[in-house]
Amino acid sequence: MSIIRPFRAFRPTPELAPSIAALPYDVYNSSQARRIVNAEPMSFLKIDRAETLLDEGIDIYSPKVYETARNTLDGMIQDGAFIQDETDCYYIYALTMNGRTQTGLVGCASIDDYVNSVILRHENTLEAKEQDRIRHIDTCSAQTGPIFLTHRPNEELRHILNHIKQGAALYDFTSDDAVRHQVWKIERPEDIENISRLYKETDHLYIADGHHRAASAVKVGLSRRAANPGSSGTEEYNYFLSVLFPSDELEIYGYDRVVIDRNGYTDSEFFDKIKDGFHITEAGNTPFRPSRKGEFGVYCAGMWRRLQAKPALLSDDPVKGLDVSILQEQILAPVLGIHDPKTDPRIRFMGEIKGFKALEQAADESDGIAFSMYPTSMKELLRIADHGLLMPPKSTWFEPKLRSGLFIHKF
């Protein structure tokens, strides 16, 4: 049984929503975020990455950064840039990219469901990234970035949301990356009751993206609960901001890798090292994107090659059978020396959507090797989570990205 409940969101006024809505805080480094905020002073990045409002060179984990985030958020609420609905509501958030629409429900998920594994995850988190968001959430007393959750399709729920979508939208705008964002409010008590009931009938929810934000929100909630022995369990800090999508409407893109050197090998020596496990085909200077599982594109020294894993490397194991696992266990670790991809500075990760030019440039700049990946499937993600297993780091890249700043959950 999954507990999802409505809430009184703080949200932008309709005319400011396109300017405020921002990509997630971790899409950018600090200098990139600073450029975004300089170009668009209303961008929510000035709250999610508040160092952008302070002097360059400041420690991005300084208490002053989190205090600036809180003061900026509070100031925008006081100035009327953000308004709060008068009653608890659900919201619909639909994103359309390249003609494909995914429709999610915006509500609050239970921290207890996370603790008790009703909400399942597929990735580990890093302590440093958790601590950053813990400080941000705790200082602001708000969750500012929604957790991207998914679940198996429910046609009754889909029917309810599609019916509500026929009405007037609160927001309807297209962002600079050509993604259309539409939001509707759900305030009729019977709709709210039916939606909550349908989620109570759902065995599991799954974190698609936002593992660090989820873990941080849960830890802040548990800390607030511990500090309040009289907690009833209904306080807002017991719930975290989420957008929930049916799994059949989502698309995972390839999550490519670049190793910034060849670990001392020439290109011919490298391919000689891996030939026993892979069929290798020359592709010349034409970029190669895998079209099936077990297939990889490799770029080095200005040339592309196609790799096809030989049958001995394939596995029915939920984790070992992932393409990212095959690459890690057969090439990255034993040949290129990348034993811990979470911490090794020699490896970079790039979403497929960034394109081949960026991938080639990253490899050329360091005389390194780039790998284009076939996407992990939603079926694989759900299977791994259902088994209580974890994927290797950077196994999934979801597009389009949810925008921060459209919904804020304060407590």
Side-chain angles (χ1 to χ4, degrees), residues 2 4 6 21 23-24 27 90-109 113 118-123 145-167 169-175 177-186 191-192 194-211 213-214 241-255 351-353 374-386 391 395-404 406-407:
S2 304
I4 300 296
L23 286 166
V27 169
Y90 285 124
Y91 306 84
I92 296 172
Y93 182 14
L95 300 93
T96 302
M97 175 178 159
N98 297 331
R100 178 182 64 85
T101 299
Q102 60 188 54
T103 300
L105 179 86
V106 184
C108 289
D113 281 354
V118 173
I119 298 172
L120 298 175
R121 59 194 178 98
H122 66 266
E123 286 184 5
I147 313 306
F148 187 162
L149 299 180
T150 187
H151 52 81
R152 290 183 169 85
N154 183 304
E155 294 308 317
E156 185 178 353
L157 177 61
R158 195 180 335 245
H159 175 77
I160 292 172
L161 300 190
N162 284 340
H163 177 73
I164 295 169
K165 285 171 64 179
Q166 294 175 18
L170 288 177
Y171 311 133
D172 188 346
F173 64 92
T174 299
S175 50
D177 56 357
V179 176
R180 184 182 184 185
H181 304 265
Q182 295 169 282
V183 172
W184 294 261
K185 182 166 67 172
I186 304 175
D191 290 331
I192 291 174
N194 284 330
I195 290 169
S196 299
R197 171 183 58 82
L198 289 170
Y199 278 108
K200 285 181 182 178
E201 297 171 0
T202 302
D203 290 336
H204 288 292
L205 303 173
Y206 304 83
I207 300 176
D209 200 8
H211 284 77
R213 294 192 295 276
L241 177 63
S242 303
V243 187
L244 303 99
F245 294 90
S247 59
D248 61 348
E249 294 186 8
L250 302 181
E251 184 169 352
I252 303 176
Y253 288 71
Y255 214 150
E352 170 190 344
I353 199 164
Y374 186 70
T376 301
S377 70
M378 282 302 304
K379 182 178 179 181
E380 289 173 319
L381 185 155
L382 297 179
R383 183 187 179 203
I384 286 171
D386 282 335
M391 293 183 180
S395 294
T396 57
W397 180 282
F398 285 91
E399 288 286 347
K401 299 292 186 187
L402 308 184
R403 266 33 180 197
S404 295
L406 293 179
F407 315 96

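- Scanning both residues, Asp209 and Ile147, for their nearest heavy atoms gives O-CG2, 3.9 Å.
- Under the 4.5 Å side-chain criterion, counting only non-hydrogen atoms from C-beta, Arg197 is in contact with Glu201.
- Between the side chains of Gln182 and Trp184, not a single donor N or O lies within less than 3.5 Å of an accepting N or O.
- Of the possible polar contacts, none joining the Ser242 side chain to the Leu149 backbone as a donor-acceptor pair under 3.5 Å is found.
- The shortest heavy-atom contact between Arg100 and Glu249 is NH1-O, 2.8 Å.
- The two residues Arg152 and Ser247 come nearest to each other via the heavy atoms CA-OG, 3.9 Å.
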Using salt bridge (Lys or Arg N to Asp or Glu O under 4.0 Å), reason through Arg383 and Glu380 one step at a time and then give a plain yes or no. CA-CA 5 Å; Arg383 183 187 179 203; Glu380 289 173 319; over 6 Å; no
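- Under the ring pair (Phe, Tyr, Trp, His ring centres under 6.0 Å) criterion, His204 pairs with no residue, sequence neighbours left out.
- The distance from the CD atom of Glu156 to the CZ atom of Arg158 is 12.5 Å, given to the nearest 0.5 Å.
- Residues satisfying the ring pair (Phe, Tyr, Trp, His ring centres under 6.0 Å) criterion with Tyr253, sequence neighbours excluded, are absent altogether.
- Separating the CZ atom in Phe148 from the CD1 atom in Ile207 is a distance of 12.0 Å, to the nearest 0.5 Å.
- Side-chain N/O atoms of Tyr90 and Ser196 include a donor and acceptor closer than 3.5 Å.
- Distance check: Leu23 CG to Ser175 OG gives 7.0 Å after rounding to the nearest 0.5 Å.
- Here His151 contributes atom NE2 and Leu198 contributes atom CG; the two are 9.5 Å apart, rounded to the nearest 0.5 Å.
- Residues Thr202 and Val118 form no side-chain contact, since every pair of their non-hydrogen atoms from C-beta on lies 4.5 Å or further apart.
- Inter-residue side-chain proximity for Phe407 and Val183 is flagged as met; some heavy-atom pair is nearer than 4.5 Å.
- Using modelled atom types, no side-chain atom of Thr96 and backbone atom of Arg180 make a donor-acceptor pair closer than 3.5 Å.
- Ring planes of His211 and His122: perpendicular class, angle over 60° (limits at 30 and 60°).
- Under the 4.5 Å side-chain criterion, counting only non-hydrogen atoms from C-beta, Leu157 is not in contact with Asn194.
- Rounding to the nearest 0.5 angstrom, the gap separating the CD1 atom in Ile195 from the CG atom in Leu105 is 5.5 Å.
- For the atom pair Glu399 CD and Ile353 CD1, the distance stands at 3.5 Å (nearest 0.5 Å).
- Other residues, nucleotides and ligands contribute over 12 non-hydrogen atoms within 6.0 Å of the NZ atom of Lys165.
- The shortest non-hydrogen separation linking Tyr206 to Leu381 is CB-CD2, 4.5 Å.
- Of all non-hydrogen atoms in Pro246 and Thr150, the two that sit nearest each other are C-OG1, 3.8 Å.
- Counting only heavy atoms from C-beta outward, the side chains of Gln102 and Pro400 approach each other to under 4.5 Å.
- For the 3.5 Å distance criterion, the side chains of Asn154 and Tyr199 fail to qualify, holding no donor opposite an acceptor.
- Nearest heavy-atom pair across Gly107 and Ile4 is CA-CG2, 4.5 Å.
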